[in-house]
Structure formats: C-alpha cells, structure tokens
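Following: one structure in structure tokens, then a few remarks.
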Amino acid sequence: MDIQFSARHFNASAGLQDRIQEEMDKLAKFYPNITSASVILDHEVEHQRHCEISVNITGSVIAASADEENMGKAVDVALERVKTQLKKANDKQNDHRAQPLSDLA
C-alpha cells in the first residue's frame, strides 16, 4: 500500500512514521482492496494535535480525523474510526455478492 505522510508545523519522527506505517498495513485485514492512503499530522495549536487519515479503496474514499492532546492518541483515534468504516464497507460489499449457483439447485 502506498502511504503519503505530511507533517504540518512540526517534524514527524521516524519512529512515529514507522508506527503509523505498521498500523496502516494492518488495515488490509479489514478491507483487502486498499489502493493508497494519506496521513496528515498537524500541530498548529499549542495543546491540540490533529490527525487526518484518508484511505482510497476501490470505488470510494474513506476519511477520518481526530483532535487530541497528544499525537499518539490522535493517530489511534483516527485509525479506529477508519477501521470502523472499512469494516462497514467490507460488510456492505460482501452483502451484495451474488448467491452461488450451487446453492440454487
């Protein structure tokens, strides 16, 4: 999966980027057809951290964001929101599949 990182108003450490990369790779088990993703980390206000995650899947885009007091917590909350949406999209896709011909006989 192709992931683009952006950090606004601060420099994101390599450890933070590696952690986000690992968590984003785990999203494939919730929806297997993820094409690319974008992660924007923002530290504009003094005690407010913002994380925005956008995931491109076949046919649509799933986006989630979170505002928390530290960056790790903001990333965790945004990832949980993306996981919820990916599970819902996967369930919706599986519900609309055709019934196998072997079941019709």
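The figures here come from the full heavy-atom set of this structure, side chains too, leaving out hydrogens, waters and symmetry mates.
Residue pairs meeting the salt bridge (charged side-chain N to carboxylate O under 4.0 Å, His left out) criterion with at least one partner in residues 45-67, sequence neighbours excluded, are absent. Residue pairs meeting the salt bridge (charged side-chain N to carboxylate O under 4.0 Å, His left out) criterion with at least one partner in residues 24-33, sequence neighbours excluded, are Glu23-Lys26.
The minimum heavy-atom distance linking Thr35 with Ile57 is given by the pair OG1-N, 4.3 Å. Residue Phe5 comes nearest to Gln17 through the heavy atom pair CZ-O, 3.5 Å, listed as atom of the first residue, atom of the second, then distance. Taking both residues in full, the closest heavy atoms of Ala74 and Ala66 are given as O-CB, 3.5 Å, listed atom of the first, atom of the second, then distance.
Not counting sequence neighbours, Asp42 has no partner by the side-chain hydrogen bond (donor to acceptor under 3.5 Å, both in side chains) test. Under the side-chain contact (heavy atoms from CB on, under 4.5 Å) criterion, Ser38 pairs with Ile40, Ser54, not counting sequence neighbours. Residues satisfying the side-chain contact (heavy atoms from CB on, under 4.5 Å) criterion with Ser13, sequence neighbours excluded, are Leu16. Take Arg8 and apply the salt bridge (charged side-chain N to carboxylate O under 4.0 Å, His left out) test, not counting sequence neighbours, and it matches no residue.
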Derivation of the side-chain contact (heavy atoms from CB on, under 4.5 Å) call for Ile20 and Leu41: CA-CA 11 Å; Ile20 294 171; Leu41 307 173; 4.0 Å; yes
side-chain contact (heavy atoms from CB on, under 4.5 Å) evaluation trace for Val45 with His50: CA-CA 9 Å; Val45 182; His50 180 77; over 6 Å; no
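The CD atom of Glu22 sits 12.5 Å away from atom CG of Leu27, with the distance rounded to the nearest 0.5 Å. One distance of note links CZ of Arg81 with OG of Ser65; it measures 6.5 Å at 0.5 Å rounding. Atoms CZ and CE, on Arg19 and Met24 in that order, are 12.5 Å from each other to the nearest 0.5 Å. Interatomic distance, CZ of Phe30 versus CG of Asn90, reported as 10.0 Å (0.5 Å rounding). To the nearest 0.5 Å, atom NZ of residue Lys83 and atom CD1 of residue Ile62 are 13.5 Å apart. With rounding to the nearest 0.5 Å, the separation of CG in Asn33 from CG in Leu86 is 11.0 Å.
Around NE2 of His47, the count of heavy atoms belonging to other residues, nucleotides or ligands within 6.0 Å does not exceed 12. No more than 12 heavy atoms of other residues, nucleotides or ligands shown are found within 6.0 angstrom of CG on Asn11.
Contact of the Gln85 side chain with the Tyr31 side chain is not registered, since no non-hydrogen atoms from C-beta on lie closer than 4.5 Å.
Linking ILVMFWY side-chain heavy atoms closer than 4.5 Å, directly or via other members, places Ile53 and Val77 in two distinct hydrophobic clusters.
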